[in-house]
Amino acid sequence: MVSKTIDVGSIPTAPVMKKSFIILLLSVIMLTGCGKETLLLTEADYELNLESNTTSKGIGIGATPEAFLEAYGDYNIETTIDDGPYQAIPNDEIPFTDSIKTILPTFFIDGLPMTIRQICEANDIERIELLPLLSSAEYLQDHTVAYHYIIFSWENGVITNIHSEYMDYNEDASYYEELEK
């Protein structure tokens, strides 16, 4: 797993981050809505510019909800409140003035961005079968699989931290297979 962070703050230990990542991944997999088609970010959109402390869309620490939604409002935004599960909340109902986190997740199969629904349809599986498929040796022999996400922490209506990570299933899948046992 590779990560980049703007405004470090307190950094959790590796085991805590792996556990958090698993909870995050499973929450997003289970809770991503199947509504309208949304735009998908590219791998380059997950790169943070550490010189300007901004995302590829110009969003940085101190950005407002209006600027964030202008940049990312057409993408799949998931929100966690009080570190609960990530959930799809309509953009006009996201409580940006509370202490929350928003995430923009995307799977990349063979370098192409895909939604969870697209992956399930392409492989004729149910959502519950997604993690076993993406971590199976058979699937990974024929495909490259990466999961990218960028997390924005919010306090009092402004972004206080931005964190971007990805997980390369072709390198790290065995870790997730162990969790399924």
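Side-chain atoms of Asp82 do not come within 3.5 Å of backbone N or O of Gly84 as any donor-acceptor pair. At least one donor-acceptor pair closer than 3.5 Å links the side chain of Ser164 to the backbone N or O of Tyr46. In this structure, Asn161 contributes its side chain and Ser153 its backbone to no donor-acceptor pair below 3.5 Å. With hydrogens and angles disregarded, a donor-acceptor distance shorter than 3.5 Å links the side chain of Asp168 to the backbone of Asn170. A donor-acceptor pair is defined here as one N or O able to donate and one able to accept, closer than 3.5 Å; such a pair exists between the side chain of Asp110 and the backbone of Thr144. Panel note: side chain Glu47, backbone Ala44; no donor-acceptor pair is recorded below 3.5 Å. A donor-acceptor distance shorter than 3.5 angstrom exists from the side chain of Glu129 to the backbone of Glu126, with no hydrogens or angles considered.
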Yes or no on side-chain contact (heavy atoms from CB on, under 4.5 Å) for Val158 and Phe68, after CA distance, side-chain angles and deciding distance? CA-CA 9 Å; Val158 296; Phe68 175 78; over 6 Å; no
Could you walk me through whether Tyr166 and Tyr147 pass side-chain contact (heavy atoms from CB on, under 4.5 Å), step by step? CA-CA 5 Å; Tyr166 78 91; Tyr147 176 68; over 6 Å; no
Using the side-chain contact (heavy atoms from CB on, under 4.5 Å) rule, take Tyr72 and Leu41 through it: C-alpha gap first, then chi angles, then the decisive distance, then the call. CA-CA 9 Å; Tyr72 295 108; Leu41 295 170; 4.1 Å; yes
Is there a side-chain contact (heavy atoms from CB on, under 4.5 Å) between Leu134 and Tyr139 once you walk through the steps? CA-CA 7 Å; Leu134 296 180; Tyr139 189 80; 3.8 Å; yes
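Between the side chains of Asp45 and Ser56, a donor-acceptor pair is found at a separation under 3.5 Å. Using a 3.5 Å distance cut-off with no hydrogens or angles, the side chains of Glu165 and His148 do not pair a donor with an acceptor. A donor and an acceptor atom, one from each side chain of Ser136 and Glu138, are nowhere located under 3.5 Å apart.
Residues Asn49 and Thr55 form no side-chain contact, since every pair of their non-hydrogen atoms from C-beta on lies 4.5 Å or further apart. The shortest distance between side-chain heavy atoms of Ile59 and Ile159 falls below 4.5 Å. When side chains are defined from C-beta on, Tyr86 counts as touching Ile151, because their heavy atoms get closer than 4.5 Å. Contact annotation: the side chain of Ile77 approaches that of Leu69 to within less than 4.5 Å [non-hydrogen atoms, C-beta and beyond]. Using a 4.5 Å heavy-atom cutoff, the side chains of Pro65 and Trp154 are in contact. Between Ile61 and Thr160 the shortest side-chain heavy-atom distance does not fall below 4.5 Å. Side-chain contact between Ile116 and Phe107: present, with at least one pair of heavy atoms (C-beta onward) separated by less than 4.5 Å. At a threshold of 4.5 Å between non-hydrogen side-chain atoms, the residues Phe96 and Glu66 do not count as touching.
For the atom pair Leu40 CG and Asp74 CG, the distance stands at 11.5 Å (nearest 0.5 Å). Here the straight-line distance linking atom NZ of Lys57 with atom CD1 of Ile150 works out to 10.5 Å at 0.5 Å rounding. Going from atom CD1 of Ile109 over to atom CD of Gln118 covers 10.0 Å, rounded to the nearest 0.5 Å. One finds the NZ atom of Lys101 at 15.0 Å from the CD atom of Glu78 (value rounded to the nearest 0.5 Å). Rounded to the nearest 0.5 angstrom, Ile100 CD1 and Asp83 CG are separated by 11.5 Å. Rounded to the nearest 0.5 Å, atoms CD1 (Ile94) and OG1 (Thr97) are 12.0 Å apart.
Hydrophobic clustering places Leu140 together with Ile125 (ILVMFWY residues linked when any side-chain heavy atoms are closer than 4.5 Å, directly or through intermediates). Leu39 and Leu112 are members of different hydrophobic clusters when ILVMFWY side chains are connected at heavy-atom separations under 4.5 Å.
Smallest separation of non-hydrogen atoms from Leu130 and Cys120: CD1-SG, 4.5 Å.
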